[in-house]
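Note sheet for the following structure.
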Amino acid sequence: RVRPMAEVVLRVRLTGGDQMDVTYEDPDTDDTDEVIEHVISTLAQDSGVLRTRHGDRLVALYGRGAAAVEVAPRGAVL
């Protein structure tokens with residue numbers, strides 16, 4: 001049986017001014033609000049890091065490098 005997982009798209013503005021869109025998935029829950037809270041609390045920590053995807057590439061997103069994060073529960077951020 002395949003369990004649904006929550007996925008969110010994050011538009012991250014980096015401290016250097018660049019921005020990028022990444023996808024974060026949490027296989028432990030299908031509640032999007034819970035995933036968003038996890039993302040925010042993780043990136044708020046000095047040592048916080050998330051394993052995200054940018055296309056087919058794995059990207060480690062460190063909280064200390066993110067200046068702002070926008071969240072979209074479905075699809076690309078427009």
Side-chain angles (χ1 to χ4, degrees):
R1 178 179 144 169
V2 176
R3 182 178 164 175
M5 72 174 90
E7 176 182 292
V8 292
V9 176
L10 307 171
R11 173 160 288 167
V12 182
R13 186 170 307 122
L14 304 173
T15 54
D18 293 331
Q19 68 182 22
M20 63 188 292
D21 293 343
V22 296
T23 304
Y24 177 75
E25 299 174 338
D26 189 343
D28 296 331
T29 184
D30 61 351
D31 183 4
T32 304
D33 291 335
E34 188 176 319
V35 172
I36 292 169
E37 286 302 317
H38 174 74
V39 166
I40 292 169
S41 65
T42 300
L43 294 178
Q45 299 172 19
D46 287 337
S47 61
V49 63
L50 291 175
R51 293 172 59 104
T52 61
R53 291 239 168 243
H54 181 73
D56 61 350
R57 295 177 183 221
L58 176 65
V59 176
L61 179 60
Y62 291 88
R64 65 180 175 260
V69 177
E70 297 176 34
V71 180
R74 293 189 188 112
V77 179
L78 300 175

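Only this structure's heavy atoms are used, side chains among them; waters, hydrogens and symmetry mates stay out. Note that the coordinates shown come from a computational prediction; the quantities given were computed from them, not determined experimentally.
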Inter- and intrachain pairs under ring pair (Phe, Tyr, Trp, His ring centres under 6.0 Å), touching residues 43-66, at least two apart: none
Flag if over 12 foreign heavy atoms under 6.0 Å of CZ, Arg64: no
Closest contact, heavy atoms only, Val35 versus Ala6: CG2-CB, 3.3 Å
Partner of Arg51 by side chain to side chain contact (heavy atoms under 4.5 Å, CB included), out of Val59, Leu58, Leu61: Leu58
Atom pair CG/CG of Leu10 and Asp21 - distance to nearest 0.5 Å: 8.5 Å
Residues Val8, Ile36; criterion side-chain contact (heavy atoms from CB on, under 4.5 Å); working and verdict: CA-CA 8 Å; Val8 292; Ile36 292 169; 4.0 Å; yes
Side chain proximity check, Val71 to Val39, heavy atoms < 4.5 angstrom: no
Ring pair (Phe, Tyr, Trp, His ring centres under 6.0 Å) partners of residues 29-51, not counting sequence neighbours, each pair once: Tyr24-His38
Between CE on residue Met5 and CG on residue Asp28, distance to nearest 0.5 Å: 9.5 Å
Listed partners of Ala68 passing side-chain contact (heavy atoms from CB on, under 4.5 Å), at least two apart: Arg13
side-chain contact (heavy atoms from CB on, under 4.5 Å) partners for Glu37, two or more places apart: none
Cluster overlap Ile40 with Met20, hydrophobic side-chain contacts below 4.5 Å: yes
